[in-house]
Amino acid sequence: MTSETLSNLSHEERRFPPPADLAAAANVKAEAYAAASQDFEGFWATQADRLDWGQKWDRVLNWDNPPFAKWFEGGTINAAVNCVDRHVDAGNGDKVAIHWVGEPEDDTRDITYAQLQDEVNKATNALVSLGVTKGDRVAIYLPMIPECVFTMLACARLGAPHTVIFGGFSADALASRITDCGAKVVVTSDGGYRRGAPSALKPAVDEAVAKVDGLVEHVLVVRRTGQDDIAWNDDVDVWWHELVEQQSTEHEAELHDAEHPLYVMYTSGTTGKPKGILHTTGGYLVGTSYTHWAVFDLKPETDVYWCTADVGWVTGHSYMVYGPLANGATQVMYEGVPDAPHKGRWWEIIEKYGVTIFYTAPTAIRTFMKWGKEIPDKFDLSSVRVLGSVGEPINPEAYVWYRDTIGAGETPVVDTWWQTETGQILISPLPGVTEAKPGSAMTPLPGIDADVVNDEGESVPDGSGGYLVLRKPWPAMLRTIWGDDERYKDTYWSRWPGVYFAGDGAKKDEDGDIWVLGRVDDVMNVSGHRLSTTEIESALVSHPKVAEAAVVGAADEMTGQAVCAFVILRESAGGESGDALVQELRNHVAKEIGAIAKPRQILIVPELPKTRSGKIMRRLLRDVAEKRDIGDVTTLADSSVMNLIQSGMSSGSSDE
Ligand code: WT7
């Protein structure tokens with residue numbers, strides 16, 4: 001991180017104390033920090049008591065064999081029972097759990113907790129009829145429709161870990177994830193809606209199923225768009241409306257061990273192979289439900305919560321499904337994009353349902369800033385009382401716009417830092433406690449031991465930067481990488497003994513508050529989603545015309561970072577270049593990984609800048625991609641390379 005960034009941060013003098021009424025009635029007050037640091041395990045035991053357990057745990061935390069944690073050891077619990085049945089049992093069956101809003105206007109569904117219970121139980125019985133038993137893996141490839149939530153909870157009920165694969169991933173990505181976790185059933189739909197038009201999903205599943213060699217026994221298909229031209233294989237495919245609808249609404253749930261696997265979520269790392277992040281049941285539910293209640297100050301009786309994330313990412317798992325439902329919240333779930341059929345769609349939804357807590361990503365906020373405040377200004381947003389941000393650092397300008405325009409200049413914004421691996425929010429203001437600074441995630445939550453350290457692993461003094469680490473386990477932490485304990489140790493726990501390193505750089509300001517500065521490894525953050533440079537490089541190199549590729553993340557006004565690729569062609573490409581080839585390569589990446597990974601820009605270059613030991617100097621490529629003067633080239637093996645690349649810059653590039 002540059003000294004310029006550091007000094008910019010210390011110039012930020014705006015402070016936003018909590019509104020007095022919110023502070024007075026807040027779920028969590030300042031005392032929580034001290035209580036948690038005086039009795040760490042006692043603090044988490046208290047939070048665990050917010051849930052319904054079968055057998056109580058013998059031990060809050062078993063950390064005898066780091067980095068393999070066991071939380072609430074000896075306890076038994078069922079996540080679906082905690083998210084659904086217990087609210088019905090408590091007399092809240094008529095309360096709306098999900099206000100579902102489809103992308104086509106007027107396509108809505110209000111689902112009460114009692115109805116959710118029926119739907120989850122039917123889906124559970126349907127999975128059982130397909131031969132799914134405890135421990136089996138189920139892959140879910142669905143749009144943002146209620147059946148996705150029903151299926152996740154049905155899996156949780158059975159103890160069959162799910163892996164939800166974001167609908168934007170390609171057939172190849174789907175196949176590799178199905179293979180890695182050995183899923184025997186896939187739940188999908190004919191398609192979903194995108195900007196008013198149906199877009200097919202099932203063909204990608206068909207392609208993936210064909211690739212994984214008989215591994216998948218059944219594909220359960222929700223009819224969402226009614227496209228009539230989808231292929232059908234009677235041996236494998238079964239319609240949801242035929243199988244699930246005929247099932248009983250009764251299902252006796254088994255209690256699972258607190259450490260029983262709940263789900264696997266694939267995420268990108270610095271190598272090409274996605275990592276299956278394993279989350280287990282008890283600790284995950286404690287971590288997500290407590291933080292959802294604390295960070296958003298959730299009052300389940302009166303709040304209407306809305307998280308705009310796709311359920312295919314971890315935010316959808318922790319803060320749309322498990323956290324909010326465990327807390328008995330009423331929430332909005334929206335299928336579509338923010339600008340269909342018009343750019344005020346989100347604000348219209350807030351007005352219609354009286355949303356009080358709203359959680360979204362900086363990339364969306366920047367897009368709305370670009371569209372102009374006249375759009376949200378047309379709607380009544382006065383119900384909103386807490387605003388949240390997640391996915392990447394939020395620029396102070398975006399933060400203040402969000403607070404002013406969506407929050408009427410008085411609503412607290414919580415900038416929540418966490419990761420797929422952490423499962424739960426770890427660093428964030430508390431809306432009733434923290435005097436927030438725009439752009440800062442501020443303080444580790446009660447019960448969380450985060451720090452910023454130098455290369456030696458020593459805590460840096462206030463006013464300096466370093467690596468963001470966690471010194472103590474936390475309940476919703478990942479337990480391992482599916483099938484690869486060694487990679488789990490190496491990736492997260494090897495840099496400093498006993499310390500979790502998240503891959504982010506951060507700064508402690510003069511007051512000791514934390515500013516997350518972004519990734520320090522070769523992982524990009526595009527629209528709040530992690531993409532691996534290596535993975536995209538491998539996709540490019542798998543194209544027959546490509547000899548070598550280097551990918552960097554370049555600053556992008558809207559998406560935070562954008563994928564920029566530098567490609568050397570094979571001789572056999574015959575000196576081909578130009579827009580058609582660039583387009584072909586971009587589509588190739590979309591096919592291999594998914595549209596989210598499609599490079600914004602591809603430069604065909606004659607050489608790549610390498611050190612004498614052959615390491616690609618991405619720093620220089622980033623300079624080029626961000627149109628800066630290139631930095632120090634003295635360690636380059638051949639210093640003329642950069643001239644070649646820069647002179648080729650104007651040709652062979654493509655912006656969409
Ligand atoms: C990476 C994790 C957590 C769910 C969404 C992304 C970045 C996340 C913040 C924040 C600064 C943030 C980090 C982190 N990040 N939240 N509030 N401030 N950076 O999950 O795909 O696992 O990505 O997102 O770089 O390591 P993910």
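Read the numbers this way: they start at 1 and go in the same order the structure lists the ligands and their atoms. Predicted, not measured: the structure shown is a model, and the values here were computed from it.
Closest heavy-atom contact between Pro19 and Pro412: CD-CG, 3.7 Å. Across Ala79 and Leu262, no two heavy atoms sit closer than the pair CB-CD1, 4.0 Å.
The number of heavy-atom neighbours closer than 6.0 Å to CD of Glu557, taken from other residues, nucleotides and ligands shown, is 12 or below.
Of the protein's non-hydrogen atoms, Trp418 O, 3.1 Å is the one closest to atom 3 (C) of ligand 1. When only non-hydrogen protein atoms are considered, atom 5 (C) of ligand 1 lies nearest to Thr315 OG1, 3.5 Å. Looking at atom 11 (C) of ligand 1, its nearest protein heavy atom turns out to be Pro393 N, 3.1 Å. The nearest protein atom to atom 10 (C) of ligand 1, hydrogens excluded, is given as Glu392 O, 3.5 Å; this is a heavy-atom distance.
Under the side chain to side chain contact (heavy atoms under 4.5 Å, CB included) criterion, Asp451 pairs with Val453, Ser459, Val469, Arg471, Lys508, not counting sequence neighbours. Scored by the side chain to side chain contact (heavy atoms under 4.5 Å, CB included) test, Thr420 finds Met265, Thr267, Ile277, Val314, Arg530 as partners (sequence neighbours excluded).
Between the side chains of Asp522 and Thr270, no donor-acceptor pair of N or O atoms lies under 3.5 Å. In this model, a donor atom of one side chain and an acceptor atom of the other lie less than 3.5 Å apart for Asp504 and Trp417.
Relative to atom 26 (O) of ligand 1, the option among Ile277, Asp504, Thr420 with the closest non-hydrogen atom is Asp504. The residue from Ser389, Gly560, Gly391, Gly439 that puts a heavy atom closest to atom 24 (O) of ligand 1 is Gly391. Proximity annotation for atom 1 (C) of ligand 1: of His529, Arg530, Met524, Arg530 comes nearest, heavy atoms only.
Counting the atoms of ligand 1 from 1 in the order shown, those under 4.0 Å from a heavy atom of Asn525 are 7 (C), 24 (O). For ligand 1, the atoms lying closer than 4.0 Å to a non-hydrogen atom of Thr416 are 9 (C), 10 (C), 16 (N), 17 (N). The distance from ligand 1 to the heavy atoms of Val516 drops below 4.0 Å at these ligand atoms: 11 (C), 19 (N).
An N or O contact shorter than 3.5 Å is missing between Thr267 and ligand 1 by distance.
Using cut-offs of 30° and 60° for the angle between ring planes, the His162 and Tyr322 rings count as parallel. Aromatic ring pairs are classed by plane angle as parallel below 30°, tilted from 30° to 60° and perpendicular above 60°; the pair Trp474 and Tyr500 is perpendicular.
Only side-chain heavy atoms of Val314 come within less than 4.0 Å of ligand 1; its backbone N, CA, C and O stay farther off. Looking at Thr422 against ligand 1, nothing comes within 4.0 Å, counting heavy atoms.
Under a 4.0 angstrom heavy-atom cut-off, Gly528 registers as being in contact with ligand 1.
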